[in-house]
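Report on one structure; see the data block that follows.
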Amino acid sequence: MRRATVVGVGAVLALAAVAASSVEEAAAPDEAGTRPMPDFLDRGLWRVFTHLDRRTRLDVHDVSGRDRRVLWPPRWQVCTQYPAAGTALDRRTTAVIGVVRKGETCPPRVRDARR
C-alpha cells in the first residue's frame, strides 16, 4: 500500500514539474529581454502579482475616488491597466493598475476611458 502511494505522489509531482516548466517557457522573455503585458482587466489583483515578473515595477491605486489603501490583493479587482495588454514590458516599464474592491463596479469614467 505504501509503495502505491509513493508512486502516485511521484507521478503527481512529475506532472506538476512539467506543467510549471511549460508555463515558464510560454512567459519567457524574447531576445531583447521583453515580455508581453498580460490582460488583467476585470480579473483579481492577485493575478497581477502572480503573473508579472517580480522585477516589474508596479503602481496599484484605487480608482473608486475614495483613495483607499490596497492592503489585501485578493479582495480587489482590476479596472484599468497601463500599458495595454500585449505591449512589451522591459525593466524600465512601470505597470500602473487601477483597482476597486471585489463586488464594486468600476466607475463610469474609468469604464469609458479604458475601451
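We count residues from 1, following the sequence as given.
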(request) Inspect the surroundings of CZ in R57 and state if more than 12 heavy atoms from other residues, nucleotides or ligands are less than 6.0 Å away. (result)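 For R57, atom CZ is crowded (more than 12 foreign heavy atoms under 6.0 Å).
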(request) Report, as yes or no, whether the 6.0 Å neighbourhood of atom CG on D67 holds more than 12 heavy atoms from other residues, nucleotides or ligands. (result)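 Not more than 12 within 6.0 Å, no.
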(message) Does any part of the side chain of L41, heavy atoms only, come nearer than 4.5 Å to the side chain of Q81, both counted from C-beta?
(response)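 A side-chain contact exists here, since the closest heavy-atom pair is under 4.5 Å.
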Of all heavy-atom pairs between [X] and [Y], which one has the smallest distance, and what is that distance?
X   : Y    : answer
S64 : P107 : CA-CG, 4.0 Å
P36 : G86  : CB-O, 4.2 Å
Y82 : M37  : O-CE, 4.3 Å
P73 : L45  : O-CB, 3.5 Å
A95 : P83  : CA-CD, 4.2 Å

For the [atom1] atom of [X] and the [atom2] atom of [Y], what is their distance to the nearest 0.5 Å?
X   : Y    : atom1 : atom2 : result
H51 : R43  : NE2   : CZ    : 8.0 Å
I97 : T80  : CD1   : OG1   : 7.0 Å
H61 : C79  : NE2   : SG    : 9.5 Å
W76 : R101 : CH2   : CZ    : 5.5 Å
T34 : R91  : OG1   : CZ    : 12.0 Å
F40 : F49  : CZ    : CZ    : 10.0 Å

With a 3.5 Å distance limit and no angle check, can you tell me whether [X] reaches the backbone of [Y] through a side-chain donor-acceptor pair?
X    : Y    : value
D62  : R68  : yes
K102 : G44  : no
Q77  : V100 : no

(message) Between the side chains of R66 and E104, is the shortest nitrogen-to-carboxylate-oxygen separation below 4.0 Å, so that they form an ion pair?
(response)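 Answer for the salt bridge query: yes.
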(request) Verify the distance criterion only: is there a donor paired with an acceptor across the side chains of D53 and T56 at less than 3.5 Å? (result)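 Distance-only check fails for D53 and T56.
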(message) For a side-chain contact (heavy atoms from CB on, under 4.5 Å) check, start with the C-alpha distance between V99 and V63, then their side-chain angles and the critical distance, and finish with the verdict.
(response) CA-CA 6 Å; V99 296; V63 294; over 6 Å; no
(request) Applying side-chain contact (heavy atoms from CB on, under 4.5 Å), run through T94 and L58 and close with a yes or a no. (result) CA-CA 6 Å; T94 299; L58 189 61; over 6 Å; no
